[in-house]
A.B. asks: 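This is the structure, below, for whatever I ask next.
A note on names: the letters A, B, ... follow the listed sequences, proteins ahead of strands, and every chain is numbered from 1.
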Amino acid sequence: MNPMGGFTAQFAAAFLITVSLGLVSGSLGTVMGLLLAMSKSSPASRFKAVVTAYTTVVRGVPELLIILLIYFGGTIFASKVAGRYVEVNAFTAGVIALTVVFGGYATEVFRGAIAAVPAGQTEAAKSLGLNAWQRWAFVIGPQMLRLALPAYGNLWISLFKDTALVSIVGLTDIMRVAFVGAGSLRAPLTFYLAASSLYLSLTTITLLSIRLAERRYPALGR
Amino acid sequence: MRIRLAIALSIAGLLAAFPALAGTEKTISIATEGASPPWDGTDENGKLYGFDVDVGLELCNRMKVKCSFVAQDWDGIIPALLVGKYDVIMSGMAITEKRKQQIVFSNPYASGFNQFVVRKELGLDAGDTKEKVNLSTVGDKEKAIIERVRSNLSGKAIGVLRSSNSEAVVKQLLGDVVTIRSYDSLDNLKLDLAAGRVDGGLADYFTWRDFLETPDGSSAVFFGPELKGGLWGPGVGAGMRRDDAELVEKFNAAIDAATRDGTIKALSLKWFKADIAPALSK
Amino acid sequence: MNLSLMFDAMIVLPSGIVLTLTLTVLSLTAGFLLAVPLAFARAFGRPSLSLGVLAYTYVIRGTPMLVQLFLLYYGLGQIEAVRASVFWLVLRDPFWCALLAFSLNCAAHTTEILCRGLLSVPKGVVEAAAALGLKRLQIARLVTFPIAFRISLPAYGNEVVGMIKGSSLASTVTLLEITGMARQLVSSTFAPYEIFIVAGAIYLALTTLAVKATQFLERRLSIDGHPTRRRKVRFRPGLPRHRTTTPVP
């Protein structure tokens, strides 16, 4: 007999929700991190202080609190901005919260990697007559991404683990199904073990992809 | 310079995406905790069920509106209503003065009562568990009963649902003599009661009755009198935002009608095997 | 935004700081003590031993701490045999249970951090120590570990910050640390926004302190950099103070 009853199907659906939550917020967070890191690294950036404040806050406050704040505060804020009532559902709130967190960490990872690209590279690119966008796209970008890869991979692993926190705002992800199932069938061991193995498989896949990417794109000149 | 423009544009794009996420057909969305059967629970397929859900659907039928139920953890259930995550709370929520400062309630659609449970192995003398004590009218008799509860539970760890009235009652009556443990859900409190991490708990009578019939619940028994009134207020109502006066009126009319023709009584018998329909208003 | 509510929160929430710090400091300490032998085993142990440690760190680092906490708290409590054993004395109490979960989690992270440090200790240094006739344990204690610790310090600082933040999960098993107090307060005021902002600010202050402390320690223990700008470490014999005539690159 299946000890989890109909919850097996729920776990499958929840797995998809967790994966899509992670993928969407990870991708958005990466874009955000790249843009902020570029702006922070440009010498004449007026955003620098703001970006630093943002990354400091995100890295210094528990993810749990950030998610709670965005879930409850997000609706008020979005409604004010849009001038009419705007619904921020659990999934959207989760995506925004995780994007904010991921973006904060990614900014610092990319900034560190940009700083590690030798200054001579930029100078050489300038002397070749490349404009700012071309320099980012063809010279600094590719080298920086390779340097950032290991730390960036760790961010993805943390991200998939952090998705578990979104369950407290009612999104039916892996953790939520485990929580409800453990309570209603009173079998916490089974359910939390099942949840652990699902998360472990997710982080394993992430880890393997990152390793593969690292092998395919090793840091240049090392 | 252009980088900055790109950032500004992308932020603007993100903000513009918000309204696109909204905009659905207006149905009434009702929140329930989904972890306190028989009031409300979650079945194996993730569907919500229970007395609250059945009454809610019945009322919506009478009001001729489309309704959907959503699950929300108890400690965020009022804040989330206030910011508009849903329109109504139907989750066995007692009508209390403190909650009335934040939200409005419909007329009661049920009047439940509460009771302590304790672990059997403590060997406490449960007293008369059928006795009824209304905390709104405390006389000498009630004082004596409360004193007996206090001395029996002194030094014990008592579990309650976080931000429930039971939590407030335990704080008020026993706060100085017991250790209060606040749980995210009653299901978790039951797990800890079965495991022996807490010595007892205070919550809705019917939730306990169903639990005590399960193998896990066999280690606990009812303790002390049936409690109502006081911080629990006049009964269980549907909570709504204060600016939704029109919706409250609709709910009141539907609840009245459903009480009169015995629908609520029937649902109450179905879920609680007891009649806890509200008293008929004249 | 209600300022008087925020003010209330500022008075109430700090009473949770003690529990947050107790949980953090104790689990960091226990985690570190566990991690040192595990890191040596992982870095230099027999393949079977190293793989065993890897399995532990891999599983812990690959799953959310919330799941681990619930597994330990609700999951183990379900088993009759566990409830009958002596472990129940520890697991029965939410505080010790949370502390155990945090310590095991912290040990796994610290093991990997220290292991990376141990592996990047230059071989020549170890060989030099062996040539001086030091025994294996002495080399580990006096040479390998101190160097590895210095290398690991920045990463370990992140772990300290992570533990401060992670301790907020204790609120889910009924403990009243900062987040627990905040949720309690929200439940009586129904004002999540104001209160969580104050709670966030307290965490930010704590984590900032932790970051500053790590940076200070990094500077104190640093062995490279400009000799005159470097602070002398008290437990190392002082070097004669030379005036540098050629600039250090």
A.B. asks: Of Val61(A), Ile67(A), Leu69(A), Ile66(A), which meets side chain to side chain contact (heavy atoms under 4.5 Å, CB included) against Phe196(C)?
C.D. replies: Leu69(A)
A.B. asks: Is any side-chain heavy atom of Phe70(C) closer than 4.5 Å to one of Phe191(A)?
C.D. replies: no
A.B. asks: Find the one option among Gly62(C), Ala182(C), Gly200(C) whose heavy-atom pairs under 4.5 Å with chain A are most numerous.
C.D. replies: Gly62(C)
A.B. asks: CG of Leu204(C) to CG of Leu65(A): how many Å apart, nearest 0.5 Å?
C.D. replies: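 Leu204(C) CG to Leu65(A) CG: 11.0 Å, rounded to 0.5 Å.
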A.B. asks: If every non-hydrogen atom of Ala195(A) is compared with every non-hydrogen atom of Val67(C), which pair is closest and at what distance?
C.D. replies: CB-CG1, 4.3 Å
A.B. asks: Which atoms of Leu64(A) are under 4.5 Å from chain C, going by heavy atoms: the side chain, the backbone, both sets, or neither?
C.D. replies: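 Only the side chain of Leu64(A) comes within 4.5 Å of chain C.
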A.B. asks: What part of Ile157(A) gets within 4.5 angstrom of chain C, counting heavy atoms only: side chain, backbone, both, or neither?
C.D. replies: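 Answer is side chain: those atoms of Ile157(A) sit under 4.5 Å from chain C.
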A.B. asks: Quick one: what part of Leu193(A) sits under 4.5 Å from any heavy atom of chain C, side chain, backbone, both or neither?
C.D. replies: both
A.B. asks: Distance-only criterion, 3.5 Å: which donor-acceptor pairs connect chain A and chain C?
C.D. replies:
{"from": "Arg59(A)", "atom 1": "O", "to": "Lys165(C)", "atom 2": "NZ", "distance (Å)": "3.0"}
{"from": "Gly60(A)", "atom 1": "O", "to": "Thr207(C)", "atom 2": "OG1", "distance (Å)": "3.0"}
{"from": "Glu63(A)", "atom 1": "OE2", "to": "Lys165(C)", "atom 2": "NZ", "distance (Å)": "3.2"}
{"from": "Tyr105(A)", "atom 1": "OH", "to": "Lys165(C)", "atom 2": "NZ", "distance (Å)": "2.6"}
{"from": "Lys161(A)", "atom 1": "NZ", "to": "Arg61(C)", "atom 2": "O", "distance (Å)": "2.8"}
{"from": "Leu189(A)", "atom 1": "N", "to": "Gln78(C)", "atom 2": "OE1", "distance (Å)": "3.1"}
{"from": "Thr203(A)", "atom 1": "OG1", "to": "Gly62(C)", "atom 2": "O", "distance (Å)": "2.9"}
{"from": "Thr204(A)", "atom 1": "OG1", "to": "Tyr58(C)", "atom 2": "OH", "distance (Å)": "2.7"}

A.B. asks: Give, as side chain, backbone, both or neither, the part of Val161(C) having an atom under 4.5 angstrom from any heavy atom of chain A.
C.D. replies: side chain
A.B. asks: Between Ala210(C), Pro192(C), Ala201(C), which has the largest tally of heavy atom pairs under 4.5 Å with chain A?
C.D. replies: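 The residue among Ala210(C), Pro192(C), Ala201(C) with the greatest pair count is Pro192(C).
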A.B. asks: Side chain, backbone, both or neither: which part of Leu206(C) has an atom under 4.5 Å from a heavy atom of chain A?
C.D. replies: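 Interface part for Leu206(C): neither.
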A.B. asks: For Leu76(C) and Leu189(A), work out which heavy atoms get closest and say how close.
C.D. replies: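 Closest approach of Leu76(C) to Leu189(A), heavy atoms only: N-CD1, 4.2 Å.
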